[in-house]
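Notes follow once the structure below has been shown.
By convention in this document, chain letters (A, B, ...) are assigned in the order of the sequence lines, proteins followed by strands, and residues within each chain are numbered from 1.
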Amino acid sequence: MTIKAVRGTRDLLPPDTALWNFVEETARDVFRAYNFQEIRTPIFESTELFARGVGEETDIVSKEMYTWEDRSRKSPLSDAPYEAAAEVLGKGQSLTLRPEATAGIVRAYIEHNLGQRGLSKLYLIGPMFRRERPQKGRYRQFYQIDAEIIGPPGSGSDSPVRDAEVIEMLATLLDRLGIKGWNLQLNSVGCANDRAKFNEALRQALEPVVGQMCADCQRRAVTNPLRVFDCKVPADQPIIEKLPRISHFLDEPCREHFDEVQNILAKIGIQFSLNDRLVRGLDYYTRTAFEFTHGALGAQNAILGGGRYDGLSEALGGPSAPGIGFAIGEDRLVMSLPESAESVQKKPDVYVAPLGAGMNCEAAGLARELRRQNLVVDLGDENFRLKKSFEAATRAGAKYILIVGENEVKADSFALKNLATGEQISVPRGELTQKIRA
RNA sequence: GUGGGAAUAGCUCAACUGGCAGAGCACCGGACUGUGGCUCCGACGGUUGCGGGUUCGAUUCCCGUUUCCCACCCCA
């Protein structure tokens, strides 16, 4: 039995990787225009970070994390094989593969006192890990493109301008990637006080009717009443329609904040729809919550999600640092791209084909010169028959083939053939770069 | 964690009621010693996901298991 990639993980191969690079380069380019800068945090963190940051009650923390006990630093067996070390692991630290990016970024923000620099605009691209059942658009190792605006209150980090800025940036990114037919849904889940009041009202409203609802809703009514709004069972919809809505429980500052976000978005021409049933799965969200969906993704139709988390820093023992951010599911983003992998792939400008004994050296020298001119150059082998070189050049998608044989070397002028048109000319060494680039 | 479908050559798929495991494409070589895409010929390619059972005989039927796909759940 050969060893295979483990369940829920996968290899990304060429030419698909060209698509991923296209997405990441475009994202970096767009983020730069909004003055975001990159942050890289560790792929594993103390388990406690996610327990406190994401929330003990969330599905992510309660059943989806890859968590293990590290070896104890003091263990006399610390350099023993892990089977033996496991015997003394009682004192080891509990570690977890990151299931999302925000907690780690806020941890770094606190740890390095980034609040002293004013407003931080940070982005992170990398793998996340959740132990869920794999499905279309859902993997156990998946990639997120994440960005956050966070800072002390005086830096304006809590301003609705920031919410609108982040959302508008996402619309720009999706447009730049050529993604058509995305849909933006917006909601405000209020502050902690609003949520407490709303939860209580919801619980009361559910009590007399929950018996008539589906089994899932009966469970949710106890564990997490907000999630009742996610229910898709038709028979439950009339009941859900009559339940209280978070929008009626927002206090005055939260309402004004949300109004201003909508106001800005409308003024700058970003289409959105309000959805007061939109709830997010992580405990730390406050006020603005949003989601971009796309039709071509099957059941996992959320291409990205985000929101505001004004109390997260404090929950992690840090200073007050309101923030807003989002996470794009890169796997899903790539799935909804209209581009083909072929179309974004960088093809060789020229295929250098040495022909006959001793020509490898000549060809290698020429290839080096051309590559130093920033041309994309592929290189053959003097043992190839010319036919084989042509086939290799064609397969590589090269624009030109450059033949390096004895005749050419003697004349210091090389046969350059355009593989698409069939036109062939003899080009002196000094003019090669210019001719190939033309 | 639950439910449905699937797994045969690198890829896409055949193989009747249980009877020698095949094709197309791709790959490699040749026809063709310095000019590609076309054509023709040849070669390579398999523990039929894995393990067990029934049978004279299993890709085929049965059980288990793993993985993938789809959906639930949840989320990006």
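One interatomic measurement links the two molecules: CG of A/Asn418 to P of B/rG37, which rounds to 16 Å at whole-angstrom precision. Between A/Leu355 atom CG and B/rG36 atom P the separation is 13 Å, expressed in whole Å. For the pair A/Arg395 CZ and B/rA26 C1', the interatomic distance rounds to 9 Å; values are reported in whole Å. Rounded to a whole Å, the CZ atom of A/Arg7 is 13 Å from the P atom of B/rU65. For A/Gln218 and B/rC73, the CD to P distance is 15 Å, given to the nearest whole Å. For the pair A/Lys4 NZ and B/rU66 C1', the interatomic distance rounds to 7 Å; values are reported in whole Å. Remark: P of B/rC74 and CE of A/Met65 are 18 Å apart, rounded to the nearest angstrom. Rounded to whole Å, atom P of B/rU2 lies 16 Å from atom CG of A/Asp59.
Of the P atoms belonging to B/rU8 and B/rA76, the separation is 34 Å, rounded to the nearest Å. Distance check on atom C1': B/rG18 versus B/rG57 gives 8 Å, rounded to whole Å. Annotation: B/rA6 and B/rU39 have their P atoms spaced 37 Å apart (nearest Å). Spacing between B/rU12 and B/rC72 at atom P, rounded to whole Å, works out to 26 Å. Nucleotides B/rC25 and B/rC50 place their P atoms 28 Å apart, quoted to the nearest Å. For the C1' atoms, the distance linking B/rG24 with B/rC69 amounts to 25 Å, nearest Å. Here the separation of B/rC38 from B/rA7, taken at their P atoms, is 33 Å to the nearest Å. With P as the reference atom, B/rA58 and B/rG51 are 14 Å apart, rounded to whole Å.
Across all strands, A/Leu419 comes closer than 4.0 Å to base atoms (heavy-atom distances). Counting non-hydrogen atoms under 4.0 angstrom, A/Glu406 reaches a base of the nucleic acid. A/Glu291 comes within 4.0 angstrom of nothing in the nucleic acid, heavy atoms only. A/Glu132 comes within contact range of at least one nucleobase, with a heavy-atom separation under 4.0 Å. Within 4.0 Å of A/Gly306, counting heavy atoms only, lies no atom of the nucleic acid at all. Note on A/Gly137: a base of the nucleic acid sits closer than 4.0 angstrom, heavy atoms only. At the heavy-atom level, A/Ile145 lies nowhere under 4.0 Å from the strands shown. Counting any heavy atom pair closer than 4.0 Å across all strands shown, A/Asp331 reaches no nucleic acid atom. At a threshold of 4.0 angstrom between heavy atoms, the contacts of A/Gln424 include nucleobase atoms, whether or not backbone atoms are also involved.
Centre separation under 5.5 Å together with a plane angle under 30° holds for the ring of A/Phe142 and the six-membered base ring of B/rA76, marking them as stacked.
Side-chain nitrogen and oxygen atoms of A/Lys387 include at least one within less than 4.0 Å of the OP1 or OP2 phosphate oxygen of B/rG37. Distances shown here put every side-chain N or O of A/Arg133 at or beyond 4.0 Å from the OP1 or OP2 atom of B/rU67. Within the 4.0 Å cut-off from OP1 or OP2 of B/rG29, not a single side-chain nitrogen or oxygen of A/Arg385 is found. Using a 4.0 Å cut-off, some side-chain N or O of A/Lys136 falls inside it from OP1 or OP2 of B/rC70.
No donor-acceptor contact under 3.5 Å links the side chain of A/Arg138 to the base of B/rC69.
Remark: A/Lys388 is positioned above the aromatic ring of A/Phe384, its terminal NZ or CZ atom under 6.0 angstrom from the ring centre and at most 45 degrees off the axis. In this structure, A/Arg10 forms a cation-pi arrangement with A/Tyr139, its terminal cationic atom sitting closer than 6.0 Å to the ring centre and no more than 45° off the ring axis.
Base-pair partner of B/rA23: B/rU12 (Watson-Crick or G-U wobble, both distances under 3.5 Å). Remark: B/rU67 base-pairs with B/rA6; criterion is Watson-Crick or G-U wobble with both hydrogen-bond distances under 3.5 Å. Of the nucleotides present, B/rG1 is the one that pairs with B/rC72 by Watson-Crick or G-U wobble criteria, both distances under 3.5 Å.
Comparing atom distances between the A/Glu64 side chain and each of B/rC68, B/rC27, B/rC74 picks out B/rC74 as nearest. For A/Gln135, taking side-chain heavy atoms from C-beta onward, the closest of the listed nucleotides B/rG36, B/rC75, B/rC73 is B/rC73.
Rounding to the nearest 0.5 Å gives a distance of 11.0 Å between CG of A/Asn418 and CD1 of A/Ile436. From A/Leu174, atom CG reaches atom CD1 of A/Ile179 across 5.0 Å, with rounding to the nearest 0.5 Å. Taking OG of A/Ser247 as the reference point, atom CG of A/Asn187 lies at 7.5 Å (rounded to 0.5 Å). Taking NE2 of A/His257 as the reference point, atom CD of A/Glu260 lies at 9.0 Å (rounded to 0.5 Å).
For A/Arg130 and A/Lys388, each mapped to the nucleotide of RNA chain B holding its nearest heavy atom, the one lying further toward the 5' end belongs to A/Lys388.
At a threshold of 4.0 Å, the pair A/Glu132-A/Arg138 counts as salt-bridged, since one of the basic side-chain nitrogens sits closer than that to a carboxylate oxygen.
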With salt bridge (Lys or Arg N to Asp or Glu O under 4.0 Å) as the criterion, how do A/Lys121 and A/Glu148 come out once you've worked through the C-alpha distance, each side chain's angles and the decisive distance to 0.1 Å?
CA-CA 6 Å; A/Lys121 296 167 116 177; A/Glu148 315 285 346; over 6 Å; no

